[in-house]
Amino acid sequence: MMRTRPLKVALLGCGVVGSEVARIMTTHADDLAARIGAPVELAGVAVRRPSKVREGIDPALITTDATALVKRGDIDVVVEVIGGIEPARGLITTAFEHGASVVSANKALLAQDGAALHAAAEANDKDLYYEAAVAGAIPLIRPLRESLAGDKVNRVLGIVNGTTNFILDKMDSTGAGYQEALDEATALGYAEADPTADVEGFDAAAKAAILAGIAFHTRVRLDDVYREGMTEVTAADFASAKEMGCTIKLLAICERAEDGQSVTARVHPAMIPLTHPLASVRGAYNAVFVESDASGQLMFYGPGAGGAPTASAVLGDLVAVCRNRLSGATGPGESAYAALPVSPMGDVVTRYHISLDVADKPGVLAQVATVFAEHGVSIDTVRQQGKDGEASLVVVTHRASDAALVGTVEALRKLDTVRGVASIMRVEGE
């Protein structure tokens, strides 16, 4: 039997995502009520510019006083889609204190202060859901948090930023340079006017922190994630990747150590074999590859951003939270019981592709190989091309630690025969 009294929802933010949330709540009201067991009512919308016309939203619901809205006391669920750290953090904790559960899409805040937000939710016996914070419409957090709760996740490897994937895909498929591909992404609306958060890996790093925390039952903050942007990736790097049967993606990688006693989380460009499922992810799409003991390998794929896809994830959380509200229960909260240490990047072991500019004369390869051997880095393949006294030397290693590779490169730079290090690229997915 359906309850007739509606559950009241406060919406914080009415931009690209917020306006879609409001639209879906209105157009799908009957379906949502049937799925929840009670009607849901949009009780207020907090915005910065109240004069802006918002089609389909009653102007009487618009307010600039977000704090007063979340303090009303009759609000069942607060949906936060304003982003940033403040005032979002204060509004969310205030919502908990005044009796509301929270659905958020705020990856930056959750990566920085997720533990404190979970603690506030638990202290007030309320829900905190955030499926939309990672990979847009792709169901990912709930499968990790619930469907795989009985399994042991060992690795999460993914493309979690559509802007960077569009740029790299364009460079790969057309031979375009980085700036040319970025300009096209901007013109098509995939990249912001200031693309720093995307192309320097900040956005992906926040998502990696959230994914690692859930996958490994360990608190992982944004500061724990190694981050490297993609602005230095060149057409020459793609040419080298193709010669190896690879392409290049900006990856978020969260791994459990082989001994199970620590975890790592990192974001950086990497070569991956064309045979790997992530290599075929094109355009602005996202995909995440999960490896676990019992389930084996799972892949989640779909649109990772945009108003409607992200709103879909928000509404999925809203339905779940409203159902919990009706039953007097709360869903899963933070699971950080494992409390594993997060290892530094220097401990990460992977393969490397190093391109060197060297003098084209006898003995150079022997000198370079000696440096690698002295630092305990085993070489897999070497390719050298020379012309007019100069040469390009490409070395692909077996698996080595990042610290060992850094020491190797520092020593290589000191050789008189090495003119420069053209590029260093990690090789993943094997």
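Only this structure's heavy atoms are used, side chains among them; waters, hydrogens and symmetry mates stay out.
Annotation: cation-pi geometry not satisfied between Arg155 and Phe289 (NZ/CZ under 6.0 angstrom from ring centroid, within 45° of ring axis). For the pair Arg142 and Tyr130, the NZ or CZ position fails the cation-pi test of under 6.0 Å to the six-membered ring centre and within 45 degrees of the ring normal.
For the residue pair Glu20 / Thr310, no side-chain donor-acceptor distance below 3.5 Å is found, with atom types taken as modelled. For the residue pair Ser423/Asp237, the side-chain donor-acceptor check at 3.5 Å is satisfied. Between the side chains of Tyr352 and Asp402, at least one donor N or O lies within less than 3.5 Å of an accepting N or O. Side-chain N/O atoms of Thr164 and Asp198 include no donor and acceptor closer than 3.5 Å. A side-chain donor-acceptor contact under 3.5 Å links Ser295 and Asp151. Using a 3.5 Å distance cut-off with no hydrogens or angles, the side chains of Ser104 and Asn106 do not pair a donor with an acceptor. With hydrogens and angles left out, the side-chain atoms of Asn286 and Asn161 include no donor and acceptor closer than 3.5 Å.
Using a 30° and 60° split on the angle between ring planes, Tyr301 and Tyr285 fall in the parallel class, below 30°.
Atom CZ of Arg48 has 12 or fewer neighbouring heavy atoms from other residues, nucleotides or ligands inside a 6.0 Å radius.
Screening Val45, Thr26, Leu11, Val47 for a side-chain contact (heavy atoms from CB on, under 4.5 Å) with Ile57, the sole residue that qualifies is Val45.
His353 has its side chain within reach of Met244: a pair of non-hydrogen atoms, C-beta onward, lies under 4.5 Å apart.
When atom types are taken as modelled, the side chain of Arg351 and the backbone of Arg399 share no donor-acceptor pair closer than 3.5 angstrom.
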